[in-house]
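These notes concern the structure reproduced below.
So you know, we letter chains A, B, ... as the sequences are listed, proteins then strands, and number each from 1. What you see is a predicted model, and the numbers here were worked out from it, not measured in a lab.
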Number of protein chains: 2
Amino acid sequence: MNQKILMEKLEAHQIPVSLQRIHILSFLFENPGHYRAEEVYETLKPKVPTLSKSTVYNTLHLFSEKGLLRTLSLEEGVTHYDAMMEDHAHFICEQCHQITNVPLQEALPQIDLPGTQIHQKDLIYRGICQKCLV
Amino acid sequence: MNQKILMEKLEAHQIPVSLQRIHILSFLFENPGHYRAEEVYETLKPKVPTLSKSTVYNTLHLFSEKGLLRTLSLEEGVTHYDAMMEDHAHFICEQCHQITNVPLQEALPQIDLPGTQIHQKDLIYRGICQKCLV
DNA sequence: CTAGGTGCAAAACATTTGCAAGGTA
DNA sequence: TACCTTGCAAATGTTTTGCACCTAG
């Protein structure tokens with residue numbers, strides 16, 4: 001993705017532009033998936049040798065807060081980030097921990113919690129995937 | 001809850017009975033809620049002085065595996081356990097981290113993943129609760 | 001006697017924090 | 001200069017692991 005578009009995306013979400021942020025954003029949008037901070041760090045480290053882990057953590061947290069990413073708490077103790085912002089569900093295999101996107105045929109149920117603000121809805125299916133069932 | 005019923009519940013899920021398991025199960029069923037392992041440990045420690053943290057972790061993990069509890073990964077880095085097994089959604093406040101049960105008016109969408117086994121469905125709403133909005 | 005359950009301490013792991021150094025307007 | 005971002009290392013908090021002891025069958 002070209003650098004100009006990435007910068008516009010950052011600015012549209014009121015995030016000051018920086019080199020590291022462009023790299024991280026670029027990776028997430030060009031390689032759709034569900035990444036842990038560690039994976040982002042390991043992948044980008046060769047390209048951006050000075051990159052540090054705290055920057056990756058800071059940046060992913062910031063992006064998520066500004067609505068550029070979706071934060072997924074699917075497994076104990078690990079956070080994944082997903083650049084696909086449209087409503088969709090996730091399936092996670094309890095054995096191999098692989099995460100699959102599941103398109104939604106119907107809208108998620110509305111809930112009635114007076115006086116609350118809803119920011120994100122997550123529908124998660126847990127089980128064993130086809131590969132692991134063999 | 002009487003001890004006999006608890007023992008039957010354990011046996012019904014093919015879990016060998018032990019004193020610690022009865023205590024933990026008893027607490028979870030008599031005090032519905034969403035607990036972290038640490039909280040279970042701190043609550044039971046006075047009653048069961050020899051109780052250790054690893055036993056609590058082991059036991060909660062075992063219970064969840066055997067279908068006696070529901071494992072919730074709602075927040076980064078923390079696991080909650082919920083003894084209410086009927087389908088229901090959760091609302092978690094991003095500010096005070098309080099978890100609220102949300103009854104479901106309608107069934108959760110069926111998904112179509114051929115060859116997979118679904119064990120658990122979780123619907124999570126994230127946002128800011130009434131108290132924190134003031 | 002044997003297998004499994006337990007307790008303790010140490011280890012592992014993901015994430016956060018403090019602070020000094022760097023870059024940019 | 002002033003401010004925000006970054007990098008490093010240390011700290012934090014949760015969960016797991018290794019191992020010896022204990023207990024029930």
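Side-chain atoms of B/His88 come within 3.5 Å of backbone atoms of B/Glu86 as a donor-acceptor pair (strictly under, hydrogens ignored). At distances below 3.5 Å, at least one donor-acceptor pair connects side-chain atoms of A/Arg70 with backbone N or O atoms of A/Met85.
Look at CG on A/Leu51: it is 12 Å from C1' on D/dC8, rounded to the nearest Å. A/Ile22 places its CD1 atom 14 Å from the P atom of D/dT5, with the value rounded to the nearest Å. Between the CG atom of A/Asn58 and the P atom of D/dG7 there is a distance of 10 Å, given to the nearest Å. The distance between atom NZ of B/Lys53 and atom P of D/dG13, rounded to the nearest whole Å, is 11 Å. We find that CD of B/Glu42 is positioned 13 Å from C1' of D/dG13, with the value rounded to whole Å. As a whole-Å value, the separation of B/Leu19 CG from D/dG25 P is 13 Å. For the pair A/Tyr41 OH and D/dT6 P, the computed distance is 14 Å after rounding to whole Å. We find that CD of A/Glu65 is positioned 14 Å from C1' of C/dT16, with the value rounded to whole Å.
There is a side-chain donor-acceptor pair under 3.5 Å between A/His119 and A/Gln117. At a cut-off of 3.5 Å, with distance as the only test, no side-chain donor of A/His90 or A/Asp122 sits close to an acceptor on the other residue.
The base of D/dC8 lies close enough to the side chain of A/Ser54 for a donor and an acceptor atom to sit less than 3.5 Å apart.
Both B/Lys45 and B/Arg21 sit near DNA chain C, but only B/Arg21 has its closest nucleotide nearer the 5' end.
At least one side-chain nitrogen or oxygen of B/Tyr57 sits closer than 4.0 Å to the OP1 or OP2 atom of D/dT15. Taking only side-chain nitrogens and oxygens, A/Ser52 comes nearer than 4.0 Å to OP1 or OP2 of D/dG7. A close approach under 4.0 Å does not occur between any side-chain nitrogen or oxygen of B/Arg36 and OP1 or OP2 of D/dG13. Side-chain N/O atoms of A/Ser18 include none lying less than 4.0 angstrom from OP1 or OP2 on D/dT5.
Under a cutoff of 6.0 Å and an axis angle of 45°, A/Lys47 and A/Phe27 do not form a cation-pi pair.
Remark: B/Gly77, B/Val78, B/Thr79 in residues 70-82 of chain B come within less than 4.0 Å of DNA chain D through at least one heavy atom.
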Let me check something: any side-chain donor-acceptor pairs from residues 56-63 of chain B under 3.5 Å, sequence neighbours excluded? List them with distances.
residue	atom	partner	partner atom	Å
B/Asn58	ND2	B/Ser54	O	3.3
B/Thr59	OG1	B/Thr55	O	2.6

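At a threshold of 4.0 angstrom between heavy atoms, the contacts of B/Gln20 are confined to the sugar-phosphate backbone, with no base atom among them.
Contact annotation: the side chain of B/Asn101 approaches that of B/Met84 to within less than 4.5 Å [non-hydrogen atoms, C-beta and beyond].
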